[in-house]
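Counting convention: from 1, in listed order, for ligands and their atoms alike.
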Amino acid sequence: MRIEVLHGPNLNLLGQREPNVYGSASLVEVDAAIRSAASELGVEVGIYQSNHEGGLIDRIHEVSARVAGFVVNAGGYTHTSVALRDALAAVGRPFVEVHLSNVYARESFRRESLLAPVALATVSGFGVRGYTLALRGLVGHLEPSRGG
Ligand code: DQA
């Protein structure tokens with residue numbers, strides 16, 4: 001089973017970007033935690049970051065036939081991108097929406113997610129651990145004997 005993890009805009013700056021909100025781990029460290037969780041679960045993982053809406057959409061189109069599902073932190077596009085939501089809905093693979101911060105405890109504009117209505121689940125506020133929780137939950141959904 002293969003899962004694709006997508007990181008949206010500004011997540012390349014993790015570790016330097018508002019560390020009080022997003023934590024001190026860099027994206028390289030986040031990706032290492034994801035790869036280690038994937039190997040424990042016995043699944044393959046692809047990881048892609050883009051600051052561009054079209055880059056994320058192209059990636060979804062490119063990999064969807066080869067993956068069982070997605071873990072997606074769309075960053076600011078969560079709250080604005082009809083096109084990203086349409087791409088995820090179009091390919092028909094389950095995805096878990098992830099946010100490092102608790103978006104419901106922040107500015108009111110972060111409380112709306114255009115992705116949530118088409119997501120399998122949302123994990124928000126657990127920091128880096130949110131990605132590994134999302135991966136475990138998604139794998140468990142796809143193959144209950146594996147994800148726990
Ligand atoms: C974020 C929350 C978004 O509101 C914000 O625009 C981000 C990061 C998070 O991981 O907490 O870029 O998705």
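Atom OH of Y48 sits in a crowded spot, with more than 12 heavy atoms from other residues, nucleotides or ligands closer than 6.0 Å.
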What pairs of donor and acceptor atoms, side-chain ones from residues 52-61 against any protein atom, are under 3.5 angstrom apart with sequence neighbours left out?
{"unit_1": "E53", "atom_1": "OE2", "unit_2": "S81", "atom_2": "OG", "d": "2.5"}
{"unit_1": "R59", "atom_1": "NE", "unit_2": "E4", "atom_2": "OE2", "d": "2.7"}
{"unit_1": "R59", "atom_1": "NH2", "unit_2": "E4", "atom_2": "OE2", "d": "3.0"}

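In this structure, the side chain of E29 engages the main chain of S26 through a donor-acceptor pair within 3.5 Å.
Contact annotation: the side chain of L100 approaches that of L11 to within less than 4.5 Å [non-hydrogen atoms, C-beta and beyond].
Scored by the side-chain hydrogen bond (donor to acceptor under 3.5 Å, both in side chains) test, N10 finds no partners at all (sequence neighbours excluded).
In the hydrophobic clustering, V28 connects to no other residue, as no ILVMFWY side-chain heavy atoms lie under 4.5 Å from its own.
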Inventory of protein N or O atoms under 3.5 Å from ligand 1 N or O:
{"unit_1": "ligand 1", "atom_1": "4 (O)", "unit_2": "H79", "atom_2": "NE2", "d": "2.7"}
{"unit_1": "ligand 1", "atom_1": "4 (O)", "unit_2": "R110", "atom_2": "NH1", "d": "2.8"}
{"unit_1": "ligand 1", "atom_1": "6 (O)", "unit_2": "G76", "atom_2": "N", "d": "3.1"}
{"unit_1": "ligand 1", "atom_1": "6 (O)", "unit_2": "R110", "atom_2": "NH1", "d": "3.1"}
{"unit_1": "ligand 1", "atom_1": "10 (O)", "unit_2": "N73", "atom_2": "ND2", "d": "2.9"}
{"unit_1": "ligand 1", "atom_1": "10 (O)", "unit_2": "L100", "atom_2": "N", "d": "2.8"}
{"unit_1": "ligand 1", "atom_1": "11 (O)", "unit_2": "L100", "atom_2": "N", "d": "3.3"}
{"unit_1": "ligand 1", "atom_1": "11 (O)", "unit_2": "S101", "atom_2": "N", "d": "2.9"}
{"unit_1": "ligand 1", "atom_1": "11 (O)", "unit_2": "S101", "atom_2": "OG", "d": "2.6"}
{"unit_1": "ligand 1", "atom_1": "12 (O)", "unit_2": "R17", "atom_2": "NH1", "d": "3.2"}
{"unit_1": "ligand 1", "atom_1": "12 (O)", "unit_2": "R17", "atom_2": "NH2", "d": "2.9"}
{"unit_1": "ligand 1", "atom_1": "13 (O)", "unit_2": "N73", "atom_2": "OD1", "d": "2.8"}
{"unit_1": "ligand 1", "atom_1": "13 (O)", "unit_2": "H99", "atom_2": "ND1", "d": "2.8"}

